[in-house]
Enquirer: 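First, the structure itself, so that you have it in front of you.
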Amino acid sequence: MRIDVITIFPGYLAPLREALLGRAISAGLVDLAVHDLRTWTRDVHQAVDDAPYGGGPGMVMRPQVWGEALDAVLALDERPARIVVPTPAGRPFTQATAQAWSGDERLLFTCGRYEGIDQRVVDDARRRDLTVDEVSIGDYVLVGGEVAVLVMVEAVVRLLPGVLGNPASAEQDSFSDGLLEGPAFTRPEVWRGLAVPDVLRSGNHAKIARWRRDRALERTAERRPDLLAALPEDALDDADRAF
Ligand SMILES: Nc1cc(-c2ccc3ccn(Cc4ccccc4)c3c2)n[nH]1
């Protein structure tokens, strides 16, 4: 997978080259290219923003600079790209989104700042039949798109074959079965007077699986009843319903 990121703060994306994602890049599983938006400015001040039409607070990012940057970065590789625009006004980015994007050949992330990017940049891309997804990573407001890109790249890249040492952990993800993850434990057996639940040391894998499922159902019901309500009819078996 090729990933391009356009931003006025390239340094914000440095964490992508650390640890697991860094190893995925070194292993050639991901090609990452970060581009400074100011490369495509033409004025001495390298202006990327201007006052909003219609008035209002803050500034808006200029369409000309973004248009030239997008055209130039798209042209760097012939593979079709999904253009991703992080925004508080976007469709929710979920595990299902990450799963879907993990099959893409190329992702191109555009990091806005200020009050966002002139809408015509998205409109122009879509009318050229480019795939453009405006997405939100949650119902809170950030200062720019870079942190959202870090979140989305991590969620997508960890799903690529060969990235996670243990593929089972991606398959058994929270949300992959629609439920939250239950509690996890490791040594020591007793820590500050708190013992690991006996069932987990029983060696009885059927009982352990049942116990873990019950904890996941309990936690989901308590913290995310919306997820429980959204489960498909056949997602819960009789034992689940008995819980
Ligand atoms: N889930 C999520 C995404 C963002 C996000 C993404 C990109 C940008 C670019 C500028 N801002 C600041 C902004 C504040 C308010 C209104 C509009 C823009 C951004 C915020 N916040 N929260």
Side-chain angles (χ1 to χ4, degrees), residues 3-17 21 32-41 43 45-74 81-102 104 106-126 130-159 173-175 180 223-224 226-227 230:
I3 297 176
D4 289 278
V5 186
I6 305 174
T7 169
I8 57 171
F9 294 118
Y12 239 101
L13 285 300
L16 291 179
R17 298 189 188 279
L21 300 188
L32 173 69
V34 179
H35 311 273
D36 186 338
L37 177 69
R38 294 193 198 275
T39 306
W40 291 278
T41 55
D43 62 310
H45 302 295
Q46 297 195 304
V48 294
D49 64 306
D50 201 340
Y53 273 114
M59 303 291 271
V60 175
M61 298 191 96
R62 301 169 62 211
Q64 307 96 320
V65 185
W66 271 108
E68 291 189 25
L70 260 180
D71 292 349
V73 172
L74 282 168
R82 178 189 303 271
I83 299 169
V84 178
V85 182
T87 166
R91 295 176 191 276
F93 176 82
T94 65
Q95 189 66 22
T97 317
Q99 199 68 47
W101 293 3
S102 65
D104 288 345
R106 189 181 178 197
L107 298 174
L108 194 168
F109 292 91
T110 62
C111 297
R113 281 268 154 171
Y114 307 100
E115 299 304 307
I117 301 170
D118 186 302
Q119 189 62 37
R120 289 170 292 180
V121 174
V122 167
D123 297 346
D124 173 61
R126 284 190 174 134
L130 294 167
T131 301
V132 184
D133 291 352
E134 295 174 89
V135 289
S136 162
I137 61 164
D139 292 339
Y140 40 80
V141 182
L142 302 170
V143 179
E146 288 80 5
V147 167
V149 170
L150 291 175
V151 166
M152 293 188 280
V153 168
E154 180 161 313
V156 171
V157 169
R158 69 182 287 275
L159 297 175
D173 264 343
S174 258
F175 303 101
L180 299 183
R223 298 178 183 177
R224 291 293 304 275
D226 57 304
L227 290 180

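In listed order, ligands and their atoms are each counted from 1.
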Enquirer: Any side-chain donor paired with an acceptor under 3.5 Å for Glu146 and Thr7?
Expert: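 Side-chain D/A pair, Glu146 to Thr7: present.
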Enquirer: Got Val153 and Ile3 here, is their nearest side-chain heavy-atom distance under 4.5 Å?
Expert: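 Contact flag for Val153/Ile3 side chains = yes.
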Enquirer: Taking heavy atoms and a distance under 4.0 Å, where does Thr87 meet ligand 1: side chain, backbone, both or neither?
Expert: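 It is the backbone that touches ligand 1; the side chain stays farther off.
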Enquirer: In the protein, which heavy atom is nearest to atom 17 (C) of ligand 1, and how far is it?
Expert: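 Atom 17 (C) of ligand 1 sits closest to the protein heavy atom Glu115 O, 3.6 Å.
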Enquirer: Considering heavy atoms of the protein only, find what lies nearest to atom 19 (C) of ligand 1 and give residue, atom and distance to 0.1 Å.
Expert: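 Its nearest protein heavy-atom neighbour is Gly144 CA, 3.8 Å.
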Enquirer: Is any side-chain N of the basic residue among Asp4 and Arg106 closer than 4.0 Å to the acidic one's carboxylate O?
Expert: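 Yes.
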Enquirer: Is it the case that over 12 heavy atoms from other parts of the model lie below 6.0 angstrom from the OH atom of Tyr114?
Expert: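 Count over threshold, so yes.
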Enquirer: Any N or O of Ile137 that comes nearer than 3.5 Å to an N or O of ligand 1?
Expert: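 In this structure, Ile137 places an N or O atom under 3.5 Å from an N or O of ligand 1.
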Enquirer: Closest non-hydrogen protein atom to atom 14 (C) of ligand 1, residue and atom name please, with distance?
Expert: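 Closest protein heavy atom to atom 14 (C) of ligand 1: Val141 CG1, 3.3 Å.
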Enquirer: Using a 6.0 Å distance limit plus a 45 degree cone around the ring axis, check whether Arg120 lies over the aromatic ring of Tyr53.
Expert: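 Not flagged: Arg120 not positioned over aromatic ring of Tyr53.
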Enquirer: Can you tell which of Pro86, Gly58, Ala148 gets a heavy atom nearest to atom 7 (C) of ligand 1?
Expert: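 Among Pro86, Gly58, Ala148, the closest heavy atom to atom 7 (C) of ligand 1 comes from Pro86.
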Enquirer: Of all residues at least two apart in sequence or in a different chain, which pass the side chain to side chain donor-acceptor pair (under 3.5 Å) check with Asp104?
Expert: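 Here the qualifying residues are Arg82.
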Enquirer: Is there a side chain to side chain contact (heavy atoms under 4.5 Å, CB included) between Ile6 and Phe109? Walk through the geometry before answering.
Expert: CA-CA 6 Å; Ile6 305 174; Phe109 292 91; over 6 Å; no
Enquirer: Would you mind running through ligand 1 and noting each atom that sits below 4.0 Å from a heavy atom of Ser136?
Expert: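 What qualifies from ligand 1 is 1 (N).
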Enquirer: For atom 21 (N) of ligand 1, grab the closest protein heavy atom and report residue, atom and distance to one decimal in Å.
Expert: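 Checking every protein heavy atom, the shortest distance to atom 21 (N) of ligand 1 gives Leu142 N, 2.9 Å.
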Enquirer: Can you confirm whether more than 12 heavy atoms, excluding those of Arg126, are under 6.0 Å from its CZ atom?
Expert: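 Enclosed.
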Enquirer: Does the side chain of Pro92 come within less than 4.5 Å of Val135's, by heavy atoms?
Expert: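 The answer is no, as the side chains (C-beta and beyond) never meet within the 4.5 Å cut-off.
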Enquirer: To which protein heavy atom is atom 5 (C) of ligand 1 closest, and what is the distance rounded to 0.1 Å?
Expert: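 Result: Pro88 CD, 3.5 Å.
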Enquirer: What's the shortest distance from atom 13 (C) of ligand 1 to any protein heavy atom, and which residue and atom give it?
Expert: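 Nearest neighbour among protein heavy atoms for atom 13 (C) of ligand 1, to 0.1 Å: Tyr114 O, 3.7 Å.
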Enquirer: With heavy atoms of Gly138 as the reference, note each atom of ligand 1 found under 4.0 Å away.
Expert: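 Once the distances to Gly138 are compared, the set is 1 (N).
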Enquirer: Starting from atom 2 (C) of ligand 1, locate the nearest protein heavy atom and write down its residue, its atom name and how far away it is, to 0.1 Å.
Expert: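 For atom 2 (C) of ligand 1, the nearest protein heavy atom is Tyr140 O, 3.6 Å.
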Enquirer: Starting from atom 11 (N) of ligand 1, find the nearest protein heavy-atom neighbour and note its residue, name and distance.
Expert: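 Nearest neighbour among protein heavy atoms for atom 11 (N) of ligand 1, to 0.1 Å: Val143 O, 3.5 Å.
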